Every structure is written in structure tokens, then in C-alpha cells.
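Nothing fancy with the numbering, it's 1 onward along the sequence. Since the structure is predicted, the reported quantities are computational estimates derived from the model, not experimental observations.
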Amino acid sequence: MIVPLTPIRCMHRAVDLYGKKIGVVCGTRRFTYAEFGQRCQRLAGALLAEGVRPGERVAYLSFNNHQLLEGYYGVVQARAVVMPLNVRLTTPELTTILNHSEARILMYENDFAPLVKTLAPCCPKIEKCISLDDDYEEFLAQGHPQRADIFTYDETAIAELFYTSGSTGTPKGVTLSHRTLYLHALSVAG
């Protein structure tokens, strides 16, 4: 039997082995591994309910927080591509990246709300902007938690998309597959 290599397996393992233990701490918020897993599943469900299709990009304009961490698993579980943006890039660089990637959803922290108001009109493929501070929990509530059947995932499908800083020109996209992420996790764990 071939078992696809996907980072979703890492989340399932953490939930199964350590479900009752605190696994995520973000400011004053704390989540057990089981709660974290459920939030990731809710995110996947909410994205699917929003009509996100396999391979579509969900961009994050945020600092490191629990919502971005949930995106690394929830977006991927929805078979979409998680795309964290470098918060230090200029407005033209971010516009270029969002247009090139054809990101459909942009999740952002309120620190970047003025920037998002500038970016959104310049990026016609973005259909929805979701404030991580104001709208995220309501969006998450739309999703129904369901454990992913990892046997249905293509380990060669793109899971993450990053753009280089563009220090020698326009930022360029770099893709990472489910398999690449899983093998990287194994290499740093051992």
C-alpha cells in the first residue's frame, strides 16, 4: 500500500498522540493539539464552503500567529496552496506577487488593513479579504471539522508557494509539494 507523504499526517500524529496537551501558544491564546487540529479542519471546511478549488492560492499578510499556523494545515487540507507573504515587501512587489500567483483569498492582520485597501483594487483575482483580527473566527465557524483522508491526497501536488525577496529583480515563486514538506519535517526531526 502506498501512503502519500503529506504534512497533514504530521498534524494527525500530533492530535492522536498529544491531543490533550497544549500545542499552540499565541499571546494569551492557548490550544491543545486536538483543538488546533479541529481549527485546521474548520478552516479547510470553510475554504471549501467558500468554493476554493484544488491548487488555488490563499495568501497571508501577517506576522507569525496561530492563524497563519492553522493555514499551513487547513489550507493544505482543503487542497489549496498556502502562500505567506513577506510583510517587508513594498506595495508594488506585493501587487506583482498577488497578481502573478492569482491568489483568490487574502487573509491579513489589521496592522496591514491600510495596505490591503490599496492592494485589493489592484489585484482583480482576489475575491475575498479576511481580517484575522475581525472576521477570521466567523469564517472559521462556517467550516465543519472533518479529518482528512490522507490516502486521497497527491503527494506531488503543490502545498506551499513562497516568493523570493526579489533582491536581484522581480520576486519569483518557489513551490513546495506535500512530499517535500513531509520529508523536510522528517529530516529536521531526526
Side-chain angles (χ1 to χ4, degrees), residues 6-8 10-11 26 39-40 43-44 46-140 143 153-185 188:
T6 172
I8 299 167
C10 299
M11 182 183 67
C26 183
R39 289 178 64 83
C40 295
L43 176 57
L47 291 168
L48 294 171
E50 188 66 34
V52 171
R53 293 179 298 280
E56 290 187 322
R57 271 72 59 213
V58 177
Y60 281 78
L61 187 57
S62 72
F63 298 108
N64 291 333
N65 56 39
H66 69 89
Q67 297 99 327
L68 177 58
L69 182 60
E70 291 161 8
Y72 277 102
Y73 294 95
V75 172
V76 171
Q77 181 173 321
R79 299 176 198 276
V81 177
V82 65
M83 192 176 91
L85 298 167
N86 183 338
V87 298
R88 292 174 187 85
L89 294 178
T90 65
T91 302
E93 289 171 321
L94 289 168
T95 301
T96 298
I97 289 168
L98 289 167
N99 284 325
H100 182 264
S101 68
E102 298 182 340
R104 181 164 172 213
I105 294 179
L106 174 60
M107 307 262 194
Y108 66 95
E109 283 188 73
N110 281 354
D111 289 357
F112 303 105
L115 178 58
V116 169
K117 285 183 183 177
T118 303
L119 290 171
C122 301
C123 303
K125 296 288 185 177
I126 294 177
E127 296 176 12
K128 188 173 196 101
C129 295
I130 299 169
S131 165
L132 296 174
D133 301 298
D134 299 330
D135 308 321
Y136 183 74
E137 292 300 323
E138 184 179 322
F139 182 72
L140 212 62
Y153 285 78
D154 175 2
E155 67 180 25
T156 63
I158 297 169
E160 295 178 11
L161 173 60
F162 296 90
Y163 277 79
T164 64
S165 66
S167 59
T168 59
T170 305
K172 293 154 188 67
V174 178
T175 60
L176 299 173
S177 70
H178 286 253
R179 179 182 177 85
T180 300
L181 293 170
Y182 184 85
L183 292 174
H184 177 72
V188 297

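- The local environment of CD in Glu138 is sparse, with at most 12 non-hydrogen atoms from other residues, nucleotides or ligands closer than 6.0 Å.
- Counting heavy atoms from C-beta on, the side chains of Leu47 and Phe139 come closer than 4.5 Å.
- Using modelled atom types, one side-chain atom of Thr164 and one backbone atom of Lys172 make a donor-acceptor pair closer than 3.5 Å.
- Contact record, Met83 with Ser101: CE-OG, 3.2 Å, taken as the closest heavy-atom pair.
- Panel note: side chain Asn110, backbone Asp133; no donor-acceptor pair is recorded below 3.5 Å.
- Put simply, the side chain of Asn65 never gets that close to the backbone of Cys26: no donor and acceptor are under 3.5 Å apart.
- Between Arg88 and Glu93 no salt bridge is recorded (no basic side-chain N to carboxylate O distance below 4.0 Å).
- The two atoms that bring Asn99 and Cys122 nearest to each other are ND2-O, 3.0 Å, heavy atoms only.
- Contact detail for Val76 and Ala159: the closest heavy-atom pair is CG2-O, 3.6 Å.
- Within a 6.0 Å radius of CD1 in Ile158, no more than 12 heavy atoms belonging to other residues, nucleotides or ligands are found.
- The nearest pair of heavy atoms linking Gly51 to Glu56 is O-OE1, 4.0 Å.
- In terms of heavy atoms, Tyr182 sits closest to Thr6 at CD1-O, 3.3 Å.
- With a 4.5 Å cut-off on side-chain heavy atoms, Thr95 and Cys123 count as touching.
- Here the side chains of Leu161 and Thr175 are in contact, with some heavy-atom distance below 4.5 Å.
- The two atoms that bring Val81 and Val75 nearest to each other are C-CG1, 3.6 Å, heavy atoms only.
- When atom types are taken as modelled, the side chain of Gln77 and the backbone of Ala44 share no donor-acceptor pair closer than 3.5 angstrom.
- For residues 101-136, the ring-ring contact (aromatic ring centres under 6.0 Å, His included) pairs, not counting sequence neighbours, are Phe63-Phe112.
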**Request:** Applying side chain to side chain contact (heavy atoms under 4.5 Å, CB included), run through His178 and Tyr153 and close with a yes or a no.
**Result:** CA-CA 9 Å; His178 286 253; Tyr153 285 78; 3.9 Å; yes
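- Summarising the local packing, CG of Asn64 is surrounded by 12 or fewer heavy atoms from other residues, nucleotides or ligands at distances under 6.0 Å.
- Between Met107 and Leu43, the closest side-chain pair of non-hydrogen atoms falls below 4.5 Å.
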